[in-house]
Amino acid sequence: MASYLQIADDEKGHDLDLFCVPRHYESDLDKVIIPHGLIMDRTERLARDIIQDMGGHHIVALCVLKGGYKFFADLLDYIKVLNHNSDKSVPLTVDFIRVKSYCNDKSTNSVRVIGGDELSTLSGKNVLIVEDIVETGRTMQTLLSLLSECNPKMVKVVSLLVKRTPRSSGYRPDYIGFEVPDAFLVGYALDYNEYFRDLSHICILNDQAKEKYKV
């Protein structure tokens with residue numbers, strides 16, 4: 001079972017005025033729940049775990065856009081450092097796919113995979129899927145089902161966040177950064193209708209902001 005850092009349901013978080021937060025978002029956020037430095041430290045450890053498990057294999061790192069791009073870039077930077085400074089190294093190539101399952105703050109029953117026609121190029125390859133957050137698990141299960149039809153040699157999934165929610169299908173990634181409460185989180189490329197991707201920390205969105213940025 002994957003190890004992870006658990007953020008408790010009663011986690012009080014940190015006051016916004018303790019951190020550098022863009023002024024245009026200050027009234028939209030309740031708390032900082034995961035500071036940027038903690039994200040980076042945890043990402044570094046995930047990179048080490050991946051190297052230990054998959055070192056020696058040629059890996060295709062598949063970024064799930066758009067929310068996964070920041071975690072993807074930082075994770076690969078740490079893997080690159082380990083490649084330069086450890087006995088095990090991982091030859092890496094990258095690819096991208098876009099998956100959409102949200103409307104406003106609700107995860108929908110419809111999962112759209114954009115770029116799925118190109119998954120056939122992953123046949124016979126070792127694939128590391130890099131995701132920002134797993135909530136119900138349906139999005140990832142849909143992607144894994146599509147990917148299995150292309151007959152990859154191996155598939156592992158790393159997700160920065162896994163949400164504790166009664167809506168979960170029970171799916172768990174192979175590597176997990178943090179297990180988080182059932183709140184709507186933004187920042188570190190996690191968005192609400194495309195806003196908040198430019199926020200460094202992971203924060204809890206307040207109800208007023210949900211209305212303010214609603215489409």
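Keep in mind the model is a prediction, meaning the values are calculated, not measured.
- The shortest distance between side-chain heavy atoms of Val162 and Pro173 falls below 4.5 Å.
- With salt bridges taken as basic N to acidic carboxylate O contacts below 4.0 Å, none links Asp53 and Lys156.
- Taken to the nearest 0.5 Å, the CG atom of Asp174 stands 9.0 Å off from the CD1 atom of Ile129.
- Ile79 CD1 to Glu44 CD: the interatomic distance, rounded to the nearest 0.5 Å, is 11.5 Å.
- Between Val134 and Tyr171 the shortest side-chain heavy-atom distance falls below 4.5 Å.
- The nearest pair of heavy atoms linking Asp95 to Phe72 is O-CZ, 4.5 Å.
- No chain of hydrophobic side-chain contacts below 4.5 Å, direct or via other Ile, Leu, Val, Met, Phe, Trp or Tyr residues, connects Val81 to Ile51.
- Remark: Asp74 engages Lys70 in a salt bridge, criterion side-chain N to carboxylate O under 4.0 Å.
- Side-chain contact between Val158 and Leu75 is present, with heavy atoms from C-beta onward closer than 4.5 Å.
- Annotation for Leu29 and Leu16: closest pair O-CD1, 3.5 Å, computed over non-hydrogen atoms.
- Proximity of Leu119 to Leu62: side-chain heavy atoms (C-beta onward) are separated by under 4.5 Å at one or more points.
- Looking at Asn126, its side chain never comes within 3.5 Å of a backbone N or O of Ile59 through a donor-acceptor pair.
- Closest approach of Ser200 and Ile39 over heavy atoms only: O-CD1, 4.1 Å.
- Looking only at side-chain heavy atoms (C-beta outward), Lys12 and Lys31 stay at 4.5 Å or farther from each other.
- Look at Arg164 and Asp182 and you find no salt bridge, because none of the NZ, NE, NH1 or NH2 atoms lies under 4.0 Å from a carboxylate O.
- No side-chain heavy atom of His201 sits less than 4.5 Å from a side-chain heavy atom of Ile34.
- Between the side chain of Ser169 and the main chain of Thr136, a donor-acceptor pair closer than 3.5 Å is present.
- Using a 4.0 Å cut-off between charged side-chain N and carboxylate O, Asp28 and Lys212 make a salt bridge.
- One hydrophobic cluster, built from ILVMFWY side chains closer than 4.5 Å, holds both Met40 and Tyr175.
- With ring centers used as reference points, Phe196 lies under 6.0 Å from Tyr25.
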Using side-chain contact (heavy atoms from CB on, under 4.5 Å), reason through Leu144 and Val157 one step at a time and then give a plain yes or no. CA-CA 9 Å; Leu144 288 171; Val157 179; 4.0 Å; yes
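- Nearest heavy atom pair, residue Thr43 against residue Tyr188, reads OG1-OH, 4.5 Å.
- At least one donor-acceptor pair closer than 3.5 Å links the side chain of Tyr192 to the backbone N or O of Lys210.
- Between Tyr195 and Tyr213, the ring planes are tilted. Angles from 30° to 60° get that label.
- With Ser148 contributing its side chain and Ser145 its backbone, the two residues share a donor-acceptor pair below 3.5 Å.
- For the residue pair Glu131 and Phe71, the shortest heavy atom distance occurs at O-CD2, 3.4 Å.
- A donor-acceptor pair under 3.5 Å links the side-chain atoms of Asn206 to the main chain of Ser27, judged by distance alone.
- Side-chain contact check for Pro181 versus Ile33: some heavy-atom pair is nearer than 4.5 Å.
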Tyr78 and Leu46: CA distance, side-chain angles, deciding distance, side-chain contact (heavy atoms from CB on, under 4.5 Å) verdict: CA-CA 9 Å; Tyr78 281 123; Leu46 288 171; over 6 Å; no
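- Using a 4.5 Å cut-off on side-chain heavy atoms (C-beta onward), Met54 and Met154 make contact.
- Checking side-chain atoms of Gln6 against main-chain N and O of Ala8 turns up no donor-acceptor pair under 3.5 Å.
- Each of Val186, Leu161, Val32, Val180 was compared with Ile202 under the side chain to side chain contact (heavy atoms under 4.5 Å, CB included) criterion, and only Leu161 meets it.
- Judged by distance alone, with hydrogens and angles left aside, the side-chain atoms of Ser123 form a donor-acceptor pair with the main-chain N or O of Cys150 at under 3.5 Å.
- Leu76 and Ala61 make their closest contact through CD1-CB, 4.2 Å (heavy atoms, listed as atom of the first residue, atom of the second, distance).
- Taking the ring centre of Tyr4 as origin, the terminal cationic atom of Arg172 falls inside the region bounded by 6.0 Å and 45° from the ring axis.
- No side-chain donor-acceptor contact under 3.5 Å links Lys163 to the backbone of Ile133.
- Under a 3.5 Å cut-off, the side chain of Arg42 and the backbone N or O of Gly177 do form a donor-acceptor pair.
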Show, in sequence, the C-alpha distance, side-chain angles and deciding distance for Asp49 and Arg45, and conclude whether the salt bridge (charged side-chain N to carboxylate O under 4.0 Å, His left out) test is met. CA-CA 6 Å; Asp49 291 345; Arg45 178 52 196 256; 2.9 Å; yes
